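Structure first, commentary second.
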Amino acid sequence: MNKFEKLMGFLEGLKMTIVGGIFLLISLILLITNTTLPIDPAWVTIVICGLPLLYLALSRLVYEHWVSSALLICIAMVASLMIGEIFAAGEVVFIMALGALLEDYTVRKSKQGLRDLINLKPQTGRLLIKENGDIVEKEIKAQEIKKEDKLRVLPGEVIPVDGIIISGDTSVDQSVMTGESLPLDKTVNDEVYAGTLNLYGAIDIISTKIGKDSSLEKLIRMVKEADEKQAPTQRIADKWATWLVPVALAIAIVTYILTWNIERAVTILVVFCPCALILATPTAIMAAIGQATKHGVLIKSGEALEKMGNVNSIAFDKTGTLTYGNLEVSDIIPLKENISKKILLKYVTISEVKSEHPIGKAIVKYSKNESINYTQPEEFKMIPGKGVSAVYNNKKILSGTIKFMEENNITINSESIEKLDLLRNEGKASIVVSYDNELVGIIGLSDVLRETAPYVVNTLINDLDTDVELLTGDNHKAANYFASKVGITNIYSELLPENKVEIIEQLKCDKKTVCMVGDGINDAPALKTADVSVAMGGMGSDIAIDAADIALLGDDIENLTYLKKLSNATLFTIHLSITISMIINAVAIVCSVLGLLDPISGALVHNIGSCAVVMLAASLYDRDFSDYAHKSKDNITIKKPITN
């Protein structure tokens with residue numbers, strides 16, 4: 001950026017615009033009191049607000065071949081100066097500068113999310129090499145890892161590259177990639193991804209994808225590319241300026257030829273200035289953003305609010321969005337007649353009380369809430385990727401997978417298999433429990449559906465005429481189960497980040513304006529790709545929140561229906577403001593042609609439209625949309641889901 005561009009940026013900043021407004025006000029006072037000074041104070045306004053505007057208009061015209069509203073304002077400014085109407089020239093450029101400031105204020109976007117995503121990249125890895133016939137570990141930089149290198153990953157470490165497990169069992173938290181709420185058990189020949197967290201067991205892997213080919217690098221690249229693909233949106237006034245400029249010039253020239261009155265021609269150019277158009281969008285958007293903030297909805301840009309009003313398809317992530325993202329015990333199934341639910345809970349809690357696994361923690365938390373009387377085990381051992389073993393009253397308790405039970409010679413009968421299949425069909429996690437070498441029960445755990453999720457989906461579909469899709473990394477059964485609970489019929493499951501992006505792009509190709517709602521790091525590329533994006537601000541990751549255009553700060557998904565209604569109302573207000581201002585301008589043009597207005601009175605009269613726009617925008621701030629935030633949730637019809 002050269003010194004001249006820096007100067008222009010300084011002049012169009014908030015402080016200098018305020019200075020320009022002060023000098024314009026002084027000029028108006030002098031005009032009203034019929035007081036003269038050697039130099040009209042409005043000249044200061046023209047320099048401060050007019051020079052950046054002139055530079056902008058000429059740059060767009062010469063380099064971009066873009067006829068913008070700035071050009072029409074500059075023509076009016078120059079014409080006013082030519083006939084000595086200094087105040088009129090200062091007034092039109094100040095209104096333009098003020099409108100630009102208001103709009104720019106609402107479109108600032110944070111880049112912190114992308115920086116945080118890049119920080120997830122592992123920095124080092126443990127390379128396995130042979131030294132004197134022994135296998136030893138050597139710590140190297142992640143970028144030095146080559147394809148087919150053998151690496152060791154210890155519990156609590158981030159996996160440095162995509163690879164295949166060649167030794168060891170573990171559980172991996174790969175929510176960064178898939179958004180799945182549960183850690184996944186991994187064993188030999190299972191695939192692991194860069195950036196995911198190895199939770200419990202030490203594993204050896206052979207690298208399969210490194211550098212730019214790794215899953216995490218692809219995730220980062222998708223966010224960057226999606227951000228770069230976002231085309232800048234022209235202001236409404238700039239879109240209209242394409243035909244406003246030639247029409248204004250034509251009317252002014254024809255009027256001058258017919259009347260030979262230069263003042264009438266200049267007045268036409270002044271009243272033709274799209275000041276109300278310039279103010280219509282930013283004032284309505286700022287009022288709506290203020291209203292949304294009161295309801296715990298953070299809208300980062302005016303463009304996002306405008307697009308939300310046009311949205312006709314909303315894609316939901318599941319975990320942490322439609323659900324709370326927290327595991328809770330959902331089923332307690334004793335398999336022996338002499339074992340009650342309380343006794344089964346006691347046994348499994350004793351076995352899991354020392355476990356660091358999310359399933360174990362959820363069971364212990366549930367037992368505490370149910371006031372189950374349990375003690376510490378006499379012995380405890382965790383077998384990564386399989387389960388836990390504990391000793392109580394000299395009896396062994398096992399909790400874990402079917403495979404874990406079979407390895408310990410615990411018989412699993414057909415009745416137990418049927419119950420486990422039923423839990424899987426409902427998208428639930430399950431663990432099998434044995435006591436003293438006998439199978440005694442099954443514990444089912446599930447992510448908890450938000451109570452308001454069915455109401456939100458029903459309102460979007462039936463009241464706000466919006467399509468709804470479910471995009472999740474969870475398996476088909478879990479996705480179907482939760483979709484059936486909320487009434488979503490279009491389901492896409494077992495998705496990686498790139499799959500979500502592909503589906504969003506396909507929806508956009510189908511001429512839909514798409515909103516993506518998510519909370520995880522894995523949602524960031526899809527959030528960036530969608531026309532407008534919403535993140536859950538309470539439980540959501542910082543990266544998802546920064547990638548999104550809008551955040552629900554209280555994690556209240558019910559506010560999504562409020563947001564959609566507010567956005568619709570904002571668009572309506574903008575269009576109404578434009579219509580009113582154009583009518584006022586049309587009347588002013590006729591009066592100018594007839595000689596009923598001069599440049600100064602024309603500048604003041606056409607600002608009636610600007611005042612009307614501001615008043616309409618202000619009405620948005622206190623308008624009541626509470627019926628969409630707190631409507632009754634009874635009598636909701638749930639449709640049968642369709643899996644894609």
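Small disclaimer: the values here were computed from a predicted structure and weren't measured.
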Taking C-beta and beyond as the side chain, do [X] and [Y] meet within less than 4.5 Å on heavy atoms?
X	Y	answer
Leu344	Val440	yes
Ile205	Ile165	yes
Cys515	Met308	yes
Pro160	Leu151	yes
Asp190	Val172	no
Asn499	Tyr492	no
Lys564	Thr459	no
Arg424	Asp421	yes

Nearest 0.5 Å, please: how far is [atom2] in [Y] from [atom1] in [X]?
X	Y	atom1	atom2	value
Leu445	Ile332	CG	CD1	9.5 Å
Asp436	Ile410	CG	CD1	9.0 Å
Leu471	Asn490	CG	CG	10.0 Å
Ile488	Leu470	CD1	CG	5.0 Å
His476	Glu494	NE2	CD	3.5 Å
Ile166	Lys150	CD1	NZ	5.0 Å

Donor-acceptor pair, side chain of [X] and main chain of [Y], under 3.5 angstrom:
X	Y	result
Ser340	Ile343	yes
Lys508	Ala530	no
Asp447	Thr323	no
Arg450	Tyr324	no

Asn408 and side-chain contact (heavy atoms from CB on, under 4.5 Å): which partner among Leu398, Ile383, Asn437? Leu398
Which atom pair, heavy atoms only, marks the closest approach of [X] to [Y]?
X	Y	answer
Ser399	Glu352	CB-OE2, 3.5 Å
Val329	Ile443	CG1-CG2, 4.2 Å
Leu464	Thr561	CD1-O, 4.0 Å
Leu507	Ser313	CD1-OG, 4.2 Å
Val486	Leu322	CG2-CD1, 4.4 Å
Thr208	Lys147	O-CE, 3.1 Å

Stepwise side chain to side chain contact (heavy atoms under 4.5 Å, CB included) check, Ser389 with Lys396: CA-CA 7 Å; Ser389 171; Lys396 182 179 283 189; 4.0 Å; yes
Taking only residues two or more places apart in sequence or in another chain, which ones pass side-chain contact (heavy atoms from CB on, under 4.5 Å) with [X]?
X	result
Val391	Glu378, Glu379
Ala390	Ser351, Pro377
Glu418	none

Residues 421-442 vs ring-ring contact (aromatic ring centres under 6.0 Å, His included), sequence neighbours excluded, gives Tyr347-Tyr435
Considering residues at least two apart in sequence or located in another chain, which fulfil the salt bridge (Lys or Arg N to Asp or Glu O under 4.0 Å) criterion with [X]?
X	result
Glu438	Lys336
Asp331	Lys428
Asp467	Lys512
Lys381	none

Around atom NZ of Lys354, are there more than 12 heavy atoms of other residues, nucleotides or ligands at under 6.0 Å? yes
In terms of heavy-atom contacts, does CG of Asp465 have more than 12 from other residues, nucleotides or ligands at under 6.0 Å? no
Test Ile402 against Ile417 for side chain to side chain contact (heavy atoms under 4.5 Å, CB included), laying out the working first. CA-CA 9 Å; Ile402 292 179; Ile417 296 295; 3.9 Å; yes
Would Glu407 and Lys403 count as a side chain to side chain contact (heavy atoms under 4.5 Å, CB included) here? Give the steps. CA-CA 6 Å; Glu407 289 176 356; Lys403 182 180 178 182; 3.4 Å; yes
Residues which pass side chain to side chain donor-acceptor pair (under 3.5 Å) with Asn189, listed by chain and number, not counting sequence neighbours: none
With sequence neighbours left out, the residues meeting side chain to side chain donor-acceptor pair (under 3.5 Å) with Thr187 are Asp169
With a cut-off of 3.5 Å and sequence neighbours excluded, list every side-chain donor-acceptor pair involving residues 135-145.
unit_1 : atom_1 : unit_2 : atom_2 : d
Glu137 : OE1    : Arg126 : NH1    : 3.1
Glu137 : OE2    : Arg152 : NH1    : 3.3

Could you walk me through whether Leu327 and Lys361 pass the side chain to side chain contact (heavy atoms under 4.5 Å, CB included) check? CA-CA 9 Å; Leu327 278 179; Lys361 290 182 177 181; over 6 Å; no
If we ignore angles and hydrogens, is there a donor and acceptor under 3.5 Å between the side chains of Asp185 and Ser171? yes
Output a table of donor-acceptor pairs, distance under 3.5 Å, between side-chain atoms of residues 366-376 and any protein atom two or more places apart or on a different chain; print 'none' if there are none.
unit_1 : atom_1 : unit_2 : atom_2 : d
Ser367 : OG     : Thr349 : OG1    : 2.5
Ser367 : OG     : Ile363 : O      : 3.2
Asn369 : ND2    : Lys365 : O      : 3.4

